[in-house]
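Excluded from the calculations below are hydrogen atoms, water molecules and symmetry mates; all remaining heavy atoms, backbone and side chain alike, are included.
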Amino acid sequence: MITIRFPDGSHREFPKGITGWEIAKNLSTSLAKEAVAVRVDEDLWDLTRPIEKDVAFEVIKRPSEHGLDILRHDAAHVFAEAVKELYPETQITIGPSIQDGFYYDLYREESFTPEDLNRIEERMHEIVNRDEHLTREVWDRNEAIKYFKDLGEIFKAEIISDLPEDSEITIYRQGNFVDLCKGPHLPSTGKLGHAFKLMKLAGAYWRGDSKNPMLQRVYGTAWFSEKDLQDHLTRLEEAEKRDHRKLGKEMDLFHMQEEAQGSVFWHPKGWTLYRLLQNYIRDKISAQDYVEVNTPQLLDSSFWKASGHWDKFRENMFVVEDVDKTLALKPMNCPCHVQIFRQGIKSYRDLPLRMAEFGSCTRNEPSGALHGLTRVRSMVQDDAHIFCREDQIEEETRKFCILLLNVYRELGFEELTVKFSDRPAVRAGEDAIWDKAEACLEAGARASGLSYTLNPGEGAFYGPKLEFILKDAIGRDWQCGTLQLDFVLPERLDASYIAEDGQKHRPVMLHRAILGSLERFIAIFIEHYAGKFPLWAAPIQAVVATITQEADAYAQKVCEKLKAAGLRVELDIRNEKINYKVRELSLQKVPYILVVGKREAEEGTVALRKLGGEAQEVLDLNKVLGKLLQEALPPHKR
RNA sequence: GCCGGAUUAGCUCAGCUGGUAGAGCAACUGAUUUGUAAUCAGUAGGUCGUUGGUUCGAUUCCGACAUCCGGCACCA
């Protein structure tokens, strides 16, 4: 007999060699039905694997995170089996479970086509129907390598060769298909069910390295129920509907064209939004005693050599050849800010000096990285550099964290995660400085009340950093804000201040941004609100729409009055039915439609219709004005 | 940059196996004067991304290039 200990602290005796599934069944039939695997001590095991000694035991149930992982991993195996049946010349490599599904990387001379995907998917359903048993086998390392080599599975053989010497080589067999796998798996392919779908075809480098051969990656999604699958597909559709590239076109905010790859043509409405956000940030930072500057975009290569960018960042810089010199467009503002700092002599009394710039930066991003507004070659950050003494780092960090949190809240983002990245393996500066820097940054973050997770070794070479990640309305994460400590640049560009001791000292530089790039943040802002901006940020806040020409003069008056009060209002006196206007303006996501007909003209009222609302309110014109003005106040002025 | 896919009217998209293109919306003109998500009719609008090739003939087949889309790599 062996003793099985359960998560609730209780324990029971079972015969040696009993399987997880038998224990689950013994506890309750409903539990056995829900079981996908079991946790035995620290490891996840198959339900059918015999347990030979006393262990801590837990049943992994379907709805759990691990449960879905196992299901998706099964789906990957079924996928690979289908591929090998249909296209035996294909080599299979790895097929892990990922968020929402799985992928499998394959090697085959010929490219797979979308039609191939359909065929594979059909075959997968057949394999599920065959209900093949999945059995776990432990193989000898060299035999396993030989087996896969003989099969022509060079990549698999390489994976096994690279496994640590002492690791157990486990193989899962289903029907005629054999795959290297740590497990666990469901007992048979039938348990996978049919709630899966192959989604897309893509390229991926072998072992994620661009020097290696390119494999073909197939992405799939898999769920426990048809309903979960449908819900997932619906979520994808929702995300597509609010895609900023689509809304940007529909709402006439901006466009891009091939002669200006990676740069944005901002249309009047989009530029209004841009300026509103920029001015909002201006207000917020000037209230925190930042000063705003503006610096050159085109600087001589000698400057970039001094700053270190010529060595470290040249690949990403646009270099301009003039007759007798070589210049480059600035990819970052920081070296320029140091130049302003260096003008005249700075005293310790000048610190902290918070220098902000909405500077236009240009980076030669790889063509394949470009993506709408989220990855562009020409962009403006809400950038600033804080020059301070070492003993001011903690307080500056705390202040920045509080400001950033406040900005995100005011802009409608409630959820925030923070990552603290500490020293990387390759770095500048002595360990003693890093010790101090990391301690200060952490202390500042903690003082602001933020909780953060550690991102070991991911700091910049010049200092540790905090990364701020916000969650949008449909649950996607976006890294926007950042705070980076820098000991290197002040040294390289010889920035100094005179301290109380009358000696020159190096200031520390804090690189920080809240929104990140304005372009990218606007993309996130558009998608977060699905184009339905809060009134203060809406490029057009209201449209006065007439029902008949008889109301034109009055409509004009209403429009002028609201404009004079500072609202962004337009007039729609086109010869169209009100239904048509309401539909069109609603599709344009205009927050308020002020409908006026003969009645309103006579009574001095307007019928106010809020975007998405069913009903309208007939209100006195002055009341409407007051209501809109109140709602149109930016969040920090309420 | 790499792999795959796409590129047809201002927009969204049809166009089977080669015979120089079509719809809806938008635009324009006219009629209609309208009460909360599309009033009706008419007109005009395209070197079918660019460029080579195959062919009697290419939007269609093949190649190159450009851009976009989905990934990968990159994101100091």
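- In this structure, B:G70 and B:C3 make a Watson-Crick or G-U wobble pair, each of the two defining distances being under 3.5 angstrom.
- Residue contacts shown for A:Met256 are absent, as no nucleic acid heavy atom lies under 4.0 Å away.
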Completion exercise
For nucleotides 60-68 of chain B, 5' to 3', base contacts (B), sugar-phosphate-only contacts (S) and non-contacts (-) with protein non-hydrogen atoms under 4.0 Å give ------SSS
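- The base-pairing partner of B:C28, taking Watson-Crick or G-U wobble contacts with both distances under 3.5 Å, is B:G42.
- With both pairing distances under 3.5 Å, B:A21 is matched to nothing as a Watson-Crick or G-U wobble pair.
- As the counterpart of B:G35, no nucleotide is assigned, since no Watson-Crick or G-U wobble pattern has both distances under 3.5 Å.
- Here the side chain of A:Leu587 is nearest to one of B:A37, B:G35, B:U33, namely B:A37.
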What protein N or O atoms touch nucleotides 7-12 of chain B N or O atoms at under 3.5 angstrom, if any, and at what distances?
unit_1 : atom_1 : unit_2   : atom_2 : d
B:U12  : OP1    : A:Lys249 : NZ     : 3.0

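- Side-chain N/O atoms of A:Tyr205 and base N/O atoms of B:G1 include a donor-acceptor pair closer than 3.5 Å.
- Using a 4.0 Å heavy-atom criterion, one finds that A:Glu240 contacts no nucleic acid atom at all.
- Here B:A14 sits opposite no nucleotide as a Watson-Crick or G-U wobble pair (both hydrogen-bonding atom distances under 3.5 Å).
- On a pure distance criterion of 3.5 Å, no polar donor-acceptor pair joins the side chain of A:Glu315 and the base of B:G1.
- Rounded to whole Å, the separation between the P atoms of B:C69 and B:G45 comes to 32 Å.
- Between A:Trp266 and A:Trp271, the ring planes are tilted. Angles from 30° to 60° get that label.
- Under the Watson-Crick or G-U wobble criterion, with both distances below 3.5 Å, B:U59 has no partner in any strand shown.
- Partners of A:Ile547 by side-chain contact (heavy atoms from CB on, under 4.5 Å), not counting sequence neighbours, listed by chain and number: A:Ile578, A:Val595.
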